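I have placed the structure first, in the form of structure tokens, so that the comments after it can refer back to it.
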Amino acid sequence: GNEQCDDGNNVDGDGCSAACVIEAGYDCVHFPVPTFPCGALGDFCSPRCGDGLRVGYELTEGYCDDGNLDARDGCSSRCTVEIGFRCEIVDEVYTCTAVCGDGLLSYGEACDDGNLNNDDGCSASCQIEIGFWCYGTWGGMSYCTCPSPRSVEVIGGSKVCVCPPGYHETEDGRCDY
């Protein structure tokens, strides 16, 4: 008949309504067959990832829908929360943000050493501190060091990794004699 979908039941909220109409935020694979009453067949309906409507499994922990299919923004192109991010509703807008200090380097962080301490090379806002070098891979912990011949000095109450006397810092951040 005039069915847009038929998921084999007469239940609203599962992608295919009791009236056999595709619900907002869902896509359904409809198998055209001879006329049957609504609710008699088993079409497949699932949330439409990337449309910004959180429905079905997108409402469960570990899933998301931020309105796009972009990677590395916290919500993957498959609508799963990416490593190092937290997704939540803030001021009625669904937002994903990097979790600084969790030890999982993610987009928007220059480093993430697993803590929120300043003066250890990676700041409490997950930015590399002056003179330090940090390395790590996406989704892993950052490790920061004050490379030789530099040394850590307290300047203005903060620890800073500086070139020794007689050296100057080059544009690429190295100490040169």
Side-chain angles (χ1 to χ4, degrees), residues 13 15 24-27 44-177:
Y26 285 88
D27 285 321
F44 176 72
C45 297
S46 64
R48 182 182 311 118
C49 181
D51 65 356
L53 298 175
R54 295 183 61 234
V55 296
Y57 65 77
E58 293 172 341
L59 294 169
T60 59
E61 188 173 340
Y63 290 92
C64 52
D65 193 329
D66 62 353
N68 66 62
L69 297 175
D70 299 338
R72 294 191 173 190
D73 66 352
C75 185
S76 76
S77 62
R78 293 185 176 197
C79 286
T80 56
V81 177
E82 294 177 306
I83 289 175
F85 283 87
R86 176 181 43 246
C87 299
E88 58 193 347
I89 297 172
V90 177
D91 296 327
E92 298 182 26
V93 177
Y94 192 70
T95 307
C96 298
T97 53
V99 179
C100 180
D102 64 355
L104 301 171
L105 182 63
S106 55
Y107 188 73
E109 298 176 325
C111 56
D112 194 326
D113 60 356
N115 67 61
L116 296 176
N117 300 331
N118 286 316
D119 298 336
D120 63 355
C122 184
S123 73
S125 60
C126 288
Q127 299 301 308
I128 299 172
E129 295 174 312
I130 297 172
F132 285 88
W133 289 5
C134 298
Y135 59 94
T137 57
W138 176 267
M141 187 175 294
S142 299
Y143 299 93
C144 300
T145 184
C146 183
S148 181
R150 293 178 176 270
S151 62
V152 177
E153 291 185 18
V154 177
I155 299 175
S158 295
K159 292 181 184 175
V160 181
C161 182
V162 297
C163 293
Y167 285 76
H168 68 277
E169 188 163 332
T170 62
E171 286 184 25
D172 62 358
R174 292 183 289 164
C175 294
D176 195 14
Y177 187 70

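These numbers come from a predicted model, not from an experiment. Each residue takes its place number in the sequence, starting with 1. Because only heavy atoms are used, hydrogens play no part in the values below, and waters and symmetry mates are left out as well, while side chains stay in.
The local environment of CG in D91 is sparse, with at most 12 non-hydrogen atoms from other residues, nucleotides or ligands closer than 6.0 Å. The neighbour count for I130 CD1, taken as heavy atoms of other residues, nucleotides or ligands under 6.0 Å away, does not exceed 12. Shown here is I128, whose CD1 atom has more than 12 heavy atoms of other residues, nucleotides or ligands within 6.0 Å.
Annotation: side chain of H168 is not in contact with side chain of C163 (no heavy-atom distance under 4.5 Å). No side-chain heavy atom of I83 sits under 4.5 Å from any side-chain heavy atom of S106. Residues Y167 and R174 have side chains not in contact (no heavy-atom distance under 4.5 Å, counting atoms from C-beta outward). Side chains of E82 and Y107 form no contact here, defined as non-hydrogen atoms less than 4.5 Å apart. Annotation: side chain of P147 is in contact with side chain of C161 (closest heavy-atom distance under 4.5 Å). Side chains of C144 and W133 form no contact here, defined as non-hydrogen atoms less than 4.5 Å apart.
Looking at T95, its side chain does come within 3.5 Å of a backbone N or O of V93 through a donor-acceptor pair. For D112 (side chain) and G103 (main-chain N/O), a donor-acceptor pair under 3.5 Å exists by modelled atom type.
We find the OG-OH distance between S76 and Y63 to be 9.5 Å, quoted to the nearest 0.5 Å. Separating the SG atom in C126 from the CG atom in L105 is a distance of 8.5 Å, to the nearest 0.5 Å. Between D119 atom CG and F132 atom CZ the span is 7.5 Å, to the nearest 0.5 Å. In this structure, CD in E88 is found 9.0 Å from OH in Y94, a value given to the nearest 0.5 Å. Expressed to the nearest 0.5 Å, how far CG of D120 lies from CD of E129 amounts to 6.0 Å. To the nearest 0.5 angstrom, T97 atom OG1 is 11.5 Å from D73 atom CG.
Across C75, C87, C79, C96, a single residue satisfies disulfide bond (SG atoms under 2.5 Å apart) together with C64, and that is C75.
In plain terms, the two heavy atoms of L104 and D102 that are nearest each other are N-OD1, 3.0 Å. Closest of all the heavy-atom pairs between D113 and M141 is O-SD, 3.7 Å. In this structure, K159 and V152 approach most closely via the heavy-atom pair CB-CG1, 3.7 Å. Heavy-atom minimum distance, Y57 versus P47: CE2-CD, 3.2 Å.
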Step-by-step salt bridge (Lys or Arg N to Asp or Glu O under 4.0 Å) determination, R54 to D65: CA-CA 6 Å; R54 295 183 61 234; D65 193 329; over 6 Å; no

